[in-house]
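Everything numeric here is computed off the predicted structure, so don't read it as measured data. Here is the naming used below: chain letters follow the sequence lines, and residue numbers restart at 1 for every chain.
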Amino acid sequence: MKQRNYFPYLLLAPAIILILALYAYPVILTIIQSFHKVNLLGGSMEFVGLKNYTENIFNPKFLGTLKITFKYSIITVFLKIFFGFFVAYLLNSDIYFKKTFRFLALIPWAIPAVAVGTIAKWILNGDYGYLNYLLTKLHLIQEPINYLSSTKIAIYCLAIIDAWMGISMVSMMFLAGLEGIPKSLYEACEMDGGGAFEKFKDVTVPGIKQVFITTLILVSIWTFNSFTVIFVVTQGGPMRSTETLMVRIYQEAFSRFDLGVAAALSTVSCVILLIMTLFYTKRMITDEKK
Amino acid sequence: MKRLFALLLAMTLVLSACGNKETAEETKVEETEKKEDTEATDSSEGGKITILVPGYDSGYLKDELDPSIEKYEEEHPGREVEILPVGWDELNEKVVQYYQAGEAPDIMIIGSRWLRQFEAMDILEPLQDFITPEFEEARIENVFDTGKVDGVQFGIPMAFSSRALFYRSDLIDTPPTNWDELYETANRLVEEGEVKYGFAFPTDQSSGASELLNFIYQGGGNVVDEEGNVSLNTPENIATLEYMTKFKEIIPDPVSTARTDQIELFVNGDLAMFVSGAWELPMADEHADETPYGITVLPEGEKNTANVMTDSYVMSSISENKELAWDFIEFMGDIEQQKVITSSRNWFPILKAEEDLDVYKEDHMQPFMEIIPFGTPQSQLPNWDEFNETFRIAIQKALSGESTPEEALNEAQKELAP
């Protein structure tokens with residue numbers, strides 16, 4: 001019979017206790033608050049059952065918010081993953097000044113989101129922004145465009161800004177994955193007569209799969225939770241066209257002072273993320289089994 | 001087992017990704033708790049009070065409050081007044097955080113438009129018991145009344161602003177006196193190529209709604225009915241918004257124009273006319289050589305009126321130093337301190353004694369003074385922030401052509417009063 005070893009659990013205990021205290025407590029509190037009308041003063045609560053959920057989730061406004069959130073997330077995640085992989089692939093190939101480029105690629109990630117948002121806002125300004133100036137100089141546009149005042153364009157602008165900041169991190173994660181693939185595998189592939197495409201398909205892709213899925217999960221969660229850039233640049237406007245779930249939660253809590261509804265929406269977003277993550281991890285485990 | 005593992009793994013990922021924010025919140029709470037410990041006050045004689053001042057870091061009343069506080073501390077040894085600065089846009093967020101932590105500033109400066117909302121949340125202390133007959137006697141009645149909610153005084157008004165029309169005196173010989181003339185003048189100047197924009201409607205979060213209410217009141221409408229319920233889609237308001245949409249082609253971008261942009265556009269020579277307060281005078285004067293300006297009474301709409309706005313001192317209901325806090329409010333409300341604040345941004349008299357000051361006899365202040373007796377006190381809404389957001393979006397939709405005025409107001413009404 002296999003001997004159970006409890007020692008590792010003992011070693012894990014301090015970390016688990018810390019995580020429970022720091023993460024589980026606020027999460028549980030949020031779930032409890034979502035069934036209450038929370039009085040701001042002293043935090044007293046009145047039980048309202050499912051009211052916070054029924055009144056705020058099954059309505060067109062919430063569906064609109066959710067649609068915006070998913071649209072924003074899908075575009076941003078795609079940009080981050082696509083360009084992140086592209087940058088990582090370039091940095092992993094045999095190029096000169098590899099270390100310098102790696103350092104340079106990290107810069108966007110190191111700039112605070114508020115600073116990026118503020119600069120982006122200036123670049124995109126309709127009246128005196130740099131982008132309009134540049135495009136006019138190049139005779140690409142006749143009239144200045146109000147990027148952040150247009151309900152159609154603003155969300156894409158935000159996605160690009162968010163992606164620009166996130167690509168660094170993603171590319172570093174992919175780079176770590178790419179470097180983990182033994183060179184000998186590529187050589188073996190070459191011996192078998194494989195070209196660049198075969199090397200990519202048969203060596204790179206399987207080699208990076210685990211890292212890819214983990215990165216995808218993390219990036220999806222981070223992007224879904226994006227708040228700073230949106231809040232700094234558009235505050236959910238123009239005309240609510242960039243009001244994602246996170247911005248909405250903020251507004252429920254801090255403009256409408258409705259902590260119960262904010263908690264309910266937070267819980268819903270947590271469930272959405274949980275389902276997404278479960279879906280990914282399940283794939284990862286079944287793949288491992290194979 | 002595998003499934004359990006997957007679930008655990010998923011939970012950990014989600015939790016750790018969501019984590020940062022939560023811990024940030026916690027540190028904040030810890031910080032305020034720490035503060036609370038050190039701030040315990042001793043007696044009614046000495047002690048420390050805190051005052052929340054929005055916009056302080058960007059200069060709002062900094063130069064006026066600091067000397068007054070110094071003077072107060074000198075006159076009352078052992079007492080200390082600490083300013084807690086906050087941005088106007090983050091005012092609500094800060095208030096929530098303070099109250100959640102069970103510790104709030106003793107005094108706050110807020111726009112009187114927030115009084116009803118804050119009162120409903122039990123944040124404010126009624127001031128009836130503190131106010132002496134002399135204190136009330138010294139104040140101008142209808143200005144003082146803007147600090148009331150349902151007849152109970154919750155705020156002590158300390159800043160009072162009025163509006164007038166700024167116009168380019170080199171381009172306009174006879175300034176418009178009514179809405180029809182306003183549109184004709186604005187339209188003519190743009191058609192003649194004299195300016196880029198004839199007029200402007202600010203729709204920014206901080207002050208857009210307050211400026212737009214001018215037009216609503218002038219159109220003979222209001223945004224609340226007699227019982228205080230939101231009523232946006234009235235025939236008067238629809239007509240007002242229809243009038244405003246006539247300007248569609250001759251105003252700067254209706255979605256991104258802020259009140260502060262108006263004077264910038266004006267001194268750059270891009271804007272012919274705009275409505276604002278007397279605090280724009282120094283900047284207009286500075287550029288008067290390139291863009292000479294005149295000021296006139298607001299062009300009359302259906303009704304001759306303007307939005308009367310005040311900011312007020314309020315006391316926190318959970319303050320532990322209410323006596324001290326009132327003592328400080330009373331000190332600040334004295335003519336010596338009040339006149340410094342009033343004159344700092346060309347505001348208008350709060351105290352009867354201020355009315356005789358020379359500054360109000362100057363010519364360029366007359367258009368602002370003239371409209372005051374006809375002023376409409378700014379509507380008090382059950383939730384100013386929600387109204388602010390929805391109302392501005394409705395105006396933006398109508399002005400940018402996304403909806404008709406009627407659709408926009410109907411939609412906003414449905415959202416605010418389902």
Can you establish whether the number of heavy atoms outside [X] located under 6.0 Å from its atom [atom1] is more than 12?
{"X": "K61(A)", "atom1": "NZ", "result": "yes"}
{"X": "E249(B)", "atom1": "CD", "result": "no"}
{"X": "F62(A)", "atom1": "CZ", "result": "yes"}
{"X": "K322(B)", "atom1": "NZ", "result": "yes"}
{"X": "W88(B)", "atom1": "CH2", "result": "yes"}

(request) With a 4.5 angstrom heavy-atom cut-off, could you sort out which part of E252(A) is near chain B: side chain, backbone, both or neither? (result)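 No part of E252(A) comes within 4.5 Å of chain B.
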
(request) Select one option (side chain, backbone, both, neither) describing which atoms of F224(A) are under 4.5 Å from chain B's heavy atoms. (result)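 The answer is neither part of F224(A).
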
(message) If the test is side-chain contact (heavy atoms from CB on, under 4.5 Å), which one of V95(B), V96(B), L91(B), D385(B) qualifies with F254(A)?
(response)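 Answer after filtering V95(B), V96(B), L91(B), D385(B): V96(B).
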
(request) Show the numbers, then the answer: is there a side chain to side chain contact (heavy atoms under 4.5 Å, CB included) between N92(B) and Q251(A)? (result) CA-CA 10 Å; N92(B) 286 349; Q251(A) 277 167 351; over 6 Å; no

(request) Report the option among E389(B), R392(B), Q117(B) that has the most heavy-atom pairs separated by less than 4.5 Å from atoms of chain A. (result)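 Option with the top pair count is E389(B).
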
(request) To the nearest 0.5 angstrom, please state how far the CZ atom of F257(A) sits from the CZ atom of F118(B). (result)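 Atom-to-atom, F257(A):CZ and F118(B):CZ are 4.5 Å apart.
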
(request) Nearest 0.5 Å please: distance from the OG atom of S256(B) over to the CG atom of L148(A). (result)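 Result: 8.5 Å between the selected atoms.
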
(request) Report yes if some heavy atom in the side chain of T390(B) is under 4.5 Å from a heavy atom in the side chain of R240(A); otherwise report no. (result)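 Heavy-atom side-chain distance check passes, below 4.5 Å.
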
(message) I need the full list of salt bridge (Lys or Arg N to Asp or Glu O under 4.0 Å) pairs touching residues 252-266 of chain B, with sequence neighbours left out, sorted by first then second residue.
(response)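 Salt bridge (Lys or Arg N to Asp or Glu O under 4.0 Å) check on residues 252-266 of chain B returns E211(B)-R259(B).
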
(message) The criterion is side chain to side chain donor-acceptor pair (under 3.5 Å); which residues satisfy it with S210(B), sequence neighbours excluded?
(response)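 Applying side chain to side chain donor-acceptor pair (under 3.5 Å) to S210(B) gives Q378(B).
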
(message) Restricting to side chain to side chain donor-acceptor pair (under 3.5 Å), what partner residues turn up for R113(B), sequence neighbours left out?
(response)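 In terms of side chain to side chain donor-acceptor pair (under 3.5 Å), with neighbours along the sequence ignored, R113(B) is linked to no residue.
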
(message) Taking every non-hydrogen pair under 4.5 Å, which of S269(A), S150(A), G236(A), S255(A) racks up the most with chain B?
(response)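 Of the candidates given, the most pairs with chain B belong to S255(A).
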
(message) I need the contact set between residues 394-406 of chain B and chain A: heavy-atom distance under 4.5 Å, sorted by residue number.
(response)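 Q396(B), K397(B), S400(B), E402(B) fall under the 4.5 Å cut-off.
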
